[in-house]
Amino acid sequence: MVVVTTPPIGELRVTVRPIRTFDDPVLRSVAAPVQDFDRELRQLVKSLTATMRAGAGRAGLAAPQIGEPVRVVVYSYDGKSGHLVNPRLELSERRVTADEACLSAPGLWWPLERSYMVTARGRDMFGKPVTVRALGVLARVLQHEADHLDGVLFSDHLEAAERERFLAAALPG
């Protein structure tokens, strides 16, 4: 594990955690709703954020991807960043197909249809209500991360033959 000191906070140390891969059973579990908005939750949000930002091209991360089976996601894309605890998504009917990737299957991009617009509602790490309205890539990121909270991998949305091709590439051997 790498420990990163977050400059604006000074003494607070945040742990960058390993990201679980597609074959890890934790990614197939439904994450539990967060009940306590406490110091432990705030530390989890900070670790998720540090882990997401530790690599190039990372736009979102869900708590199950670092082995924490709770309903928390972080995101950062095109100048918009934040986190959602216990998110609920309202999806637009307009759908678009674009390449999508997952930090749990590094290096693979696959075309996938998703809603173009999303309204995500949840709480912040202090329990205050949060609403995020997103278009395009950020909407895709929020949908992708919310799926992780339900034990759904983006390959589950693919047609059977495409899913087999993807899994053969993601899980060699």
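At least one donor-acceptor pair under 3.5 Å links the side chain of Asp156 to the backbone N or O of Leu153. Between the side chain of Asp36 and the backbone N or O of Asp38, no donor-acceptor pair lies under 3.5 Å. The closest donor-acceptor contact from the side chain of Asn86 to the backbone of Gly122 lies at 3.5 Å or more, if one exists at all. Between the side chain of Ser92 and the backbone N or O of Met117 there is at least one donor-acceptor pair closer than 3.5 Å.
Annotation: the span from Leu135 atom CG to Arg140 atom CZ amounts to 13.0 Å, rounded to 0.5 Å. The structure places CG of Leu61 at 9.0 Å from SG of Cys102, a figure rounded to the nearest 0.5 Å. Atoms NE2 and CG, from His148 and Asp150 in turn, are 11.0 Å apart once rounded to the nearest 0.5 Å. A distance of 4.5 Å separates CG of Leu27 from OG of Ser104, quoted to the nearest 0.5 Å. For the atom pair Leu112 CG and Asp99 CG, the distance stands at 9.5 Å (nearest 0.5 Å). Between Arg39 atom CZ and Leu44 atom CG the span is 13.5 Å, to the nearest 0.5 Å.
Nearest heavy-atom pair across Ala146 and Leu89 is CB-CD1, 3.5 Å. Nearest heavy-atom pair across Ser115 and Ala139 is O-CB, 4.2 Å. What you find for Gly60 and Leu103 is that their closest heavy atoms are O-CD1, 3.5 Å. Minimum heavy-atom separation, Val14 to Lys46: CG1-O, 3.2 Å.
Each of Val132 and Met125 belongs to its own hydrophobic cluster when Ile, Leu, Val, Met, Phe, Trp and Tyr are linked at side-chain heavy-atom distances under 4.5 angstrom. A chain of hydrophobic side-chain contacts below 4.5 Å, direct or via other Ile, Leu, Val, Met, Phe, Trp or Tyr residues, connects Leu167 to Phe154. When hydrophobic clusters are built by joining Ile, Leu, Val, Met, Phe, Trp and Tyr residues whose side-chain heavy atoms come closer than 4.5 Å, directly or via intermediates, Val85 is not grouped with Val130. One hydrophobic cluster, built from ILVMFWY side chains closer than 4.5 Å, holds both Val45 and Val70. Hydrophobic clustering (ILVMFWY, side-chain heavy atoms < 4.5 Å, transitive): Val73 and Val137 are in one cluster.
The shortest distance between side-chain heavy atoms of Gln143 and Asp147 does not fall below 4.5 Å. Between Tyr75 and Leu142, some side-chain heavy-atom pair lies under the 4.5 Å cut-off. For the pair Arg20 and Pro64, the minimum side-chain heavy-atom distance is 4.5 Å or more. Ser47 is listed as a side-chain neighbour of Gln43, based on a closest heavy-atom distance under 4.5 Å. Using a 4.5 Å heavy-atom cutoff, the side chains of Phe37 and Arg123 are in contact.
Listed by chain and residue number, Glu90 satisfy the salt bridge (Lys or Arg N to Asp or Glu O under 4.0 Å) test with Arg121 (two or more places apart in sequence, or in another chain). Take Phe22 and apply the ring pair (Phe, Tyr, Trp, His ring centres under 6.0 Å) test, not counting sequence neighbours, and it matches Phe166. Checked against salt bridge (Lys or Arg N to Asp or Glu O under 4.0 Å), Arg95 has the following partners two or more places apart in sequence or in another chain: Glu113.
At a threshold of 4.0 Å, the pair Asp23-Arg28 does not count as salt-bridged, since none of the basic side-chain nitrogens sits closer than that to a carboxylate oxygen.
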* Asked: Between Val72 and Leu84, does a side-chain contact (heavy atoms from CB on, under 4.5 Å) hold up when you go through it step by step?
  -> CA-CA 6 Å; Val72 179; Leu84 288 163; over 6 Å; no
* Evaluate the criterion side-chain contact (heavy atoms from CB on, under 4.5 Å) for residue pair Leu149 and Val30; output intermediate values, then yes/no. => CA-CA 6 Å; Leu149 303 180; Val30 175; over 6 Å; no
* Working for side-chain contact (heavy atoms from CB on, under 4.5 Å), residues Arg53 and Arg58 -> CA-CA 6 Å; Arg53 291 183 173 157; Arg58 296 178 175 186; over 6 Å; no
* Report the C-alpha distance between Arg42 and Asp124 in whole Å, list the side-chain angles of each, state the deciding distance to 0.1 Å, and finish with yes or no for salt bridge (Lys or Arg N to Asp or Glu O under 4.0 Å). => CA-CA 9 Å; Arg42 291 187 292 280; Asp124 70 9; over 6 Å; no
* To do: Apply side-chain contact (heavy atoms from CB on, under 4.5 Å) to His157 and Arg114, showing your working.
  => CA-CA 9 Å; His157 295 291; Arg114 291 222 188 240; 3.8 Å; yes
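Side chain to side chain, Glu162 and Trp110 meet the donor-acceptor criterion of an N or O pair below 3.5 Å.
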